[in-house]
Every structure is written in structure tokens, then in C-alpha cells.
Chemist: 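My structure is below; once you've seen it, I'll send some questions.
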4 protein chains.
Amino acid sequence: MGRTTWMISAGHIPLRSTGREPENTSRDELCFLNAGYREAQVEVTLFYADREPVGPYRLEIPPRRIRRVRVNNLINPEAPPLDTDYGAVIESNVPIVVQFERTDTSDAKPAMPAIMGFAT
Amino acid sequence: MGRTTWMISAGHIPLRSTGREPENTSRDELCFLNAGYREAQVEVTLFYADREPVGPYRLEIPPRRIRRVRVNNLINPEAPPLDTDYGAVIESNVPIVVQFERTDTSDAKPAMPAIMGFAT
Amino acid sequence: MGRTTWMISAGHIPLRSTGREPENTSRDELCFLNAGYREAQVEVTLFYADREPVGPYRLEIPPRRIRRVRVNNLINPEAPPLDTDYGAVIESNVPIVVQFERTDTSDAKPAMPAIMGFAT
Amino acid sequence: MGRTTWMISAGHIPLRSTGREPENTSRDELCFLNAGYREAQVEVTLFYADREPVGPYRLEIPPRRIRRVRVNNLINPEAPPLDTDYGAVIESNVPIVVQFERTDTSDAKPAMPAIMGFAT
């Protein structure tokens with residue numbers, strides 16, 4: 001249940017945060033659901049406006065589990081820059097669902113409902 | 001009209017609420033539309049980051065009707081924990097449409113427009 | 001370009017408004033794009049939680065045009081009640097695109113970006 | 001990865017802005033991801049409620065890159081009017097992903113998460 005390739009094109013990690021850390025840190029999150037019985041091995045590639053893509057960032061989603069990953073916390077091979085537009089391609093060996101949620105606390109706003117990625 | 005399997009991966013019931021109860025209780029809602037002429041028998045399974053999925057929660061949507069269900073109010077087999085990330089798989093015996101709406105009144109913000117679930 | 005059947009399940013016209021009328025009236029809007037060269041003849045049916053569906057409300061979208069229609073302004077066969085959950089099925093004789101936008105000014109919040117309907 | 005035709009029907013560039021220019025200018029943005037190895041040649045056509053469509057606006061998205069384009073900044077063949085509803089058809093020679101993000105600072109609100117366009 002789900003798809004193996006997901007894309008987003010409007011990523012942006014806000015620079016400023018207000019409130020307590022880490023729950024109020026401004027962030028983009030990738031929200032995964034692996035409803036199946038096999039571990040999902042996921043590769044995330046980040047795309048930028050004016051330099052080469054960076055990746056793959058490797059993640060595992062256990063079977064029958066969700067996992068939330070802050071884009072801020074992707075560090076290997078390279079931490080993504082703050083306040084920079086990006087896109088992402090997410091590829092999995094098994095079908096998953098990927099939503100994308102932005103929490104922008106730069107003006108003390110709480111989290112927004114997530115949008116679905118595009119399942120290609 | 002619709003689909004029989006829907007998924008979301010970015011559920012989260014906010015912990016705090018402000019304003020009058022119950023209309024201002026922070027909540028996630030599943031918004032169903034059964035446009036057909038047969039009752040929809042729906043099973044919701046909730047997925048978590050670090051424990052086994054819980055379900056099925058059984059719901060009926062009468063023919064030619066909508067129904068809104070607060071995730072907070074799913075209690076059998078088990079009330080979902082507040083302030084905890086979750087995903088959901090929604091399966092129906094007949095085609096339906098499922099939107100997902102978050103109302104976060106922890107900072108006195110009113111309801112947000114709902115997003116579509118992912119129809120797999 | 002587009003689809004002929006669209007659905008939403010999480011409609012709700014807020015009861016209260018603040019600010020100048022009519023541009024700040026709380027409302028749900030159906031946003032149509034007819035990119036083709038034939039007039040679109042559209043039928044909207046509204047679904048409720050506890051009574052029979054109402055419709056069809058008949059609309060035309062000229063060829064090569066957009067049109068925005070406030071759900072509040074659908075009056076024939078019957079004006080939809082305020083502060084009441086509803087769903088909608090939108091059927092067109094030619095392919096169109098339907099987005100759904102909520103403007104909730106009950107707490108002086110401006111318009112939110114629209115969501116796509118579900119194209120079945 | 002992606003699609004070659006995308007549509008939106010609920011565009012609207014807010015008239016007023018607050019805060020520093022240009023980062024706080026109210027705007028609609030088209031957010032493109034070209035994950036492939038060929039340059040994307042994109043044509044945007046804008047549709048209105050009461051006059052002929054305008055376009056094509058021609059854009060290039062380099063291979064393996066994102067690009068954000070403010071609808072306000074589309075000027076050839078004609079700058080789109082502010083405070084006017086519009087729709088868009090976006091056609092590309094290679095598959096891309098298009099999200100649509102509105103930043104409405106007329107009431108000092110920061111950016112909202114983007115929605116996916118409709119891939120037809």
C-alpha cells in the first residue's frame with residue numbers, strides 16, 4: 001500500500017525559530033508510513049536551484065511503523081542549508097506514503113497540516 | 001465514486017486546547033463522503049513510531065452521506081494517545097473519499113482546510 | 001485537460017465573519033478551470049451528515065476561462081446551511097480542474113491556499 | 001519522474017504586502033523540480049474569469065535543479081494583474097513536478113506550505 005517514488009518541489013527550512021527547543025524549532029519534516037511487513041529502505045535526494053543534487057540520504061522505516069524525519073537532521077552526506085529552497089526525490093524499495101509538513105515558528109506560528117508528496 | 005483504500009502518514013493530535021469545548025478542542029478529523037447507495041463499512045488502523053499498529057476501528061458511513069470522526073474519539077479497541085505522531089490506513093468495502101482536517105487551538109488558531117488522503 | 005468528476009468531503013462554511021463585506025465574508029469557494037474550447041456544464045451535489053443530498057446546482061464555465069463560485073451563493077434548489085459540514089460531488093460534461101478554498105475570517109484570518117479536489 | 005502537464009485553478013496574487021521587500025512581498029510562486037538530465041522547457045498559460053488566456057510564458061528549468069518563479073514576475077507577454085483570480089496550465093517537454101505556494105503578507109502572515117498542482 002502506497003508508492004515507491006515520491007517528489008516535492010517546494011521545500012524551504014525557515015531560518016528563525018521562536019519558543020522552546022527542539023519542539024518549536026522551525027523545520028520541514030518528511031512523514032513516512034510503511035504499512036507493509038518489510039522494512040523500507042529509503043533514499044532521499046535533495047535538489048537545489050544552483051548546485052548539484054545532494055544524496056542519497058539513507059533511512060529505514062521499520063515494517064508496520066511511521067517515522068518522522070526532520071530535513072534539518074539529515075546530515076550524511078551533508079547537512080542541508082537553512083533558508084534555502086530545495087526539492088526532494090524519495091525512493092523506497094517497498095511502497096510507502098510520504099507527507100511533508102512545515103512548522104514555521106519564526107513568527108510563533110504552530111505546525112500546519114502536512115501536504116501529500118507527489119507519487120510518480 | 002472514490003476509492004476503497006486511503007492513507008495518511010502525518011497525523012498528530014495536539015495536546016492543548018483553548019476556547020470552548022467541544023467545538024474548539026484540538027483534534028484531527030477524518031472526513032468521509034460516501035456518495036454511493038450502499039452503506040460503507042470502514043476499518044481504520046492507526047500506525048505509530050514505536051509500537052504495533054492498533055485496530056481495526058470500525059465505522060459505518062450511511063449511503064449518500066458524509067461523516068466526520070474525531071480521531072480523539074476512536075476508543076475501541078483503544079483510545080489513541082494525545083501529542084503522539086501517527087499514520088492511518090482506511091479501508092472501505094465501497095468507494096469513498098477521505099479528507100483529513102486538523103484543528104489546532106493550542107494557540108487559539110481556528111481550523112485549517114483539510115488535505116486529501118492518499119488514495120492507493 | 002483535467003477530469004470530469006471531482007469530490008470533496010470536508011466542506012464547512014464558517015458562521016461568523018469579520019471585516020468588510022463581501023470580500024471578507026467567511027466562505028468556501030469552488031475554483032474551476034475550464035482550459036478547453038467547449039463550455040463546461042457542471043452539476044454540483046451537496047451531501048450532508050443527516051439528511052438527503054441536495055442538487056444538482058447547475059453552473060456553466062465558459063471555454064478557456066476560470067470561475068469561482070461561493071458555496072454560500074448556491075441557492076437553487078436550496079441555499080446550503082451555514083456552520084454545517086458537507087461534502088460535494090462535482091460532475092462536468094468536459095474535463096475541468098476543481099480546487100476548493102476556504103476563507104475563514106471568524107478570527108480575522110485571511111484566505112488559505114486552496115486544496116485540490118479528489119479527481120475520481 | 002513527474003508529469004508533463006500541470007494545472008491549478010485557484011490562483012490569486014494578494015494586493016497588499018507588509019514587511020521588508022522583496023522577501024515579504026505577497027505572491028504566488030510556482031515551484032518546479034526537474035529531477036531529470038535534460039533541461040525542461042516550460043510554457044505557462046494563465047486563465048482568467050472574463051478575458052482571453054495569456055501566454056505562453058516561457059521558462060527553463062535546468063536539469064537536476066529546482067526553480068521558483070513568482071507569478072508576479074511573469075512579464076512577457078504581459079504582467080498578470082494583482083488582486084485578480086487566475087488559473088494556470090503548465091506544460092513541459094520533459095516530466096517535472098509543480099507545487100504552488102502562496103505567501104500572503106497582507107496581514108503579516110508568513111508563507112503557507114505549498115499545494116501540489118493537478119497532474120493531468
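Owing to the predicted nature of the structure, the values given are computational and were not obtained by experimental measurement.
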Chemist: Taking all non-hydrogen atoms of both residues into account, name the closest pair between D:Cys31 and A:Ser9 and its distance.
Modeler: O-OG, 2.7 Å
Chemist: Is there a side-chain contact between A:Met7 and D:Arg3 in this structure, where contact means two heavy atoms from C-beta onward sitting under 4.5 Å apart?
Modeler: no
Chemist: Between A:Ile8 and D:Met116, which heavy-atom pair has the shortest distance, and what is it?
Modeler: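 Closest approach of A:Ile8 to D:Met116, heavy atoms only: CA-CE, 4.1 Å.
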Chemist: Does CZ belonging to D:Arg38 count more than 12 external heavy atoms closer than 6.0 Å?
Modeler: no
Chemist: Give, as side chain, backbone, both or neither, the part of A:Asp28 having an atom under 4.5 angstrom from any heavy atom of chain D.
Modeler: neither
Chemist: Are any non-hydrogen side-chain atoms of D:Val97 and A:Val89 less than 4.5 angstrom apart?
Modeler: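 Answer no - side chains too far apart.
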Chemist: Tabulate, in ascending numerical order, the residues of residues 58-69 of chain D having at least one heavy atom closer than 4.5 Å to a heavy atom of chain A, or enter 'none'.
Modeler: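 Counting heavy atoms that sit under 4.5 Å from chain A, the residues of residues 58-69 of chain D involved are D:Arg64, D:Arg65, D:Ile66, D:Arg68.
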Chemist: What residue among D:Phe100, D:Phe118, D:Trp6 forms ring-ring contact (aromatic ring centres under 6.0 Å, His included) with A:Phe118?
Modeler: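 The ring-ring contact (aromatic ring centres under 6.0 Å, His included) with A:Phe118 is passed solely by D:Trp6 among D:Phe100, D:Phe118, D:Trp6.
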